Number of protein chains: 2
Amino acid sequence: MPKQVDYEERRLRIAEAVCALVARSGMEAVSLRDVAAEADVSMGAVQRCFRTKEDMLLFALEHISQRVSERADQRIAATSTPQAATTLLSHTLAELALLDEESRAQAHVWLAFVGHAPTSERLAAVLHETYAKLHDLVVWLIGYGQDTQEFPPHLDAVQEAHTLLAVADGLTVHVLAGHHSPETASAVLQRHVDRLAR
Amino acid sequence: MPKQVDYEERRLRIAEAVCALVARSGMEAVSLRDVAAEADVSMGAVQRCFRTKEDMLLFALEHISQRVSERADQRIAATSTPQAATTLLSHTLAELALLDEESRAQAHVWLAFVGHAPTSERLAAVLHETYAKLHDLVVWLIGYGQDTQEFPPHLDAVQEAHTLLAVADGLTVHVLAGHHSPETASAVLQRHVDRLAR
DNA sequence: TCTTTTCCGATGCACTTGCATCATAACCGC
DNA sequence: GCGGTTATGATGCAAGTGCATCGGAAAAGA
């Protein structure tokens, strides 16, 4: 058997490089050469990992998409001490909204991809799927809050989830655009969730 | 006096071309040549109107930014028949959220620019200013609703405006990403406004 | 050690980009 | 008309792009 290489690891590494570049200087700054340099591999290696540039970008999106979902799931799973559903919901949403400073890069990447979704069919598909997953998550959280009687039972979980997700994404945009600081955005979110609990 | 040309008109025309291109095939598709072709002028003309490409894009952003604001203002000013503050607010927000199909292009452009805001100082400034203006507008609308006693007086107009703007922008993103149709997005918005009126 | 198979990375290539240049055309006051 | 001024658009140019190519390096089994 000839030389073998851990492609999965390299792909991830390249995806990280893509994110770093997008976050630092926008999406147009992502050229194969730049990515290769950032990931500290040769251009040939990048071309071997991904057939085209679009494939590479798509993989990067799926990567951060997955990371965001995972983080949210973990936060919920890690609730060993029985936490108030209210704070669980607001914290999860804050996570999804990528508000903290270190998520700023991911938010930047995310938005860049959304901006390109109308252009690329495949990209749109990934986004659609991710949003559906997140929506389900939020619906579940609201239901949980209703079980613990923190949220009134007459709430329409599906509708509320739509609104909550919209608020979260809107705040992501606002923070990125400089209209909000992460703190004020977080406060807005918190307030909205508290309101649900009446 | 030599040949004179209506620069303002040409600038607007070019700005429209930029928007059309961005909407059609994303922001990377905007090259000086493409813009010139789309606007049906020569490349030299474009270069005469705008010193650099960045200037051109910035002007295009300011253009649509202004158009959106104007449309919202007009909708309010045109309220000859005394309209319910509730519907006035929700319609205005729907307008701002660029939900209808023909605003899709503008939404696309807007988002593209937001995505580039962290990169460009000047771009961020324009966005910041616009958001501030919109916020003031929504605050005023809520206050108006309180005057007509449609909204409870204890509402914190500033905070509610923040949430409303976030919902609107979030929905813009969701529609663009294919997570919502304009109709469902509009319904979510409507629901949220109705909720304010208790 | 040698062979074989995979991987690497440098180079080439056709193309596009933003911007500069400049001869020419279009215009206005005279 | 005519001179002087300004706008125009074709062309040039260097830099950068994604992708294809390919000789040889590297590793694992013989």
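The structure displayed is predicted, hence computed values, not measured ones. Letters A, B, ... are given to chains in the order of the sequence lines, protein chains preceding strands, and every chain is numbered from 1.
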Intermediate values then yes/no, side chain to side chain contact (heavy atoms under 4.5 Å, CB included), L58(B) and F113(B): CA-CA 9 Å; L58(B) 218 63; F113(B) 280 119; over 6 Å; no
Look at [X] and [N] and indicate whether a side-chain polar atom (N or O) is within less than 4.0 Å of OP1 or OP2.
X	N	value
S31(A)	dT17(D)	yes
S42(B)	dT8(D)	no
R10(B)	dT8(D)	yes

Separation of atom [atom1] in [X] from atom [atom2] in [N], rounded to whole Å:
X	N	atom1	atom2	result
R48(A)	dA20(D)	CZ	C1'	12 Å
I14(B)	dG18(C)	CD1	P	13 Å
M43(A)	dT11(C)	CE	P	13 Å
L32(B)	dT11(D)	CG	P	18 Å
R13(A)	dC8(C)	CZ	P	11 Å
M56(B)	dC19(C)	CE	C1'	13 Å
L57(A)	dT17(D)	CG	C1'	14 Å
D6(B)	dA7(D)	CG	P	12 Å

Under the 3.5 angstrom rule, does the side chain of [X] hit a backbone N or O of [Y] as a donor-acceptor pair?
X	Y	value
T148(A)	G145(A)	yes
H108(B)	A23(B)	yes
R75(B)	T92(B)	no

Looking at dG9(D), dG18(D), dC8(C), which one has an atom nearest to any side-chain atom of A45(B)?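 Nearest nucleotide to the side chain: dG9(D).
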Go nucleotide by nucleotide along DNA chain D from the 5' end; which of E28(A) and R51(A) gets its closest nucleotide reached first?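 Taking each residue's closest nucleotide, the earlier one in sequence belongs to E28(A).
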Quiz question: going by heavy-atom distance under 3.5 Å, is there a donor-acceptor pair between the base of dG16(D) and the side chain of R33(A)?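 Looking at the base of dG16(D), it does not pair with any donor or acceptor on the side chain of R33(A) (distance under 3.5 Å).
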Under 4.0 Å between any heavy atoms, over every strand shown, what does Y7(A) touch: base, sugar-phosphate, or nothing? Just pick one.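 Contact class for Y7(A): sugar-phosphate only.
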Using a heavy-atom cut-off of 4.0 Å across all strands, would you classify V35(B) as base, sugar-phosphate, or nothing?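 No contact.
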If you pin V30(B) and Q47(A) to their nearest nucleotides in DNA chain C, which one's is more 5'?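 Its nearest nucleotide lies further toward 5', so the answer is Q47(A).
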Judged by modelled atom types alone, do H180(B) and T184(B) share a side-chain donor-acceptor pair under 3.5 Å?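 The answer is yes; a qualifying pair exists.
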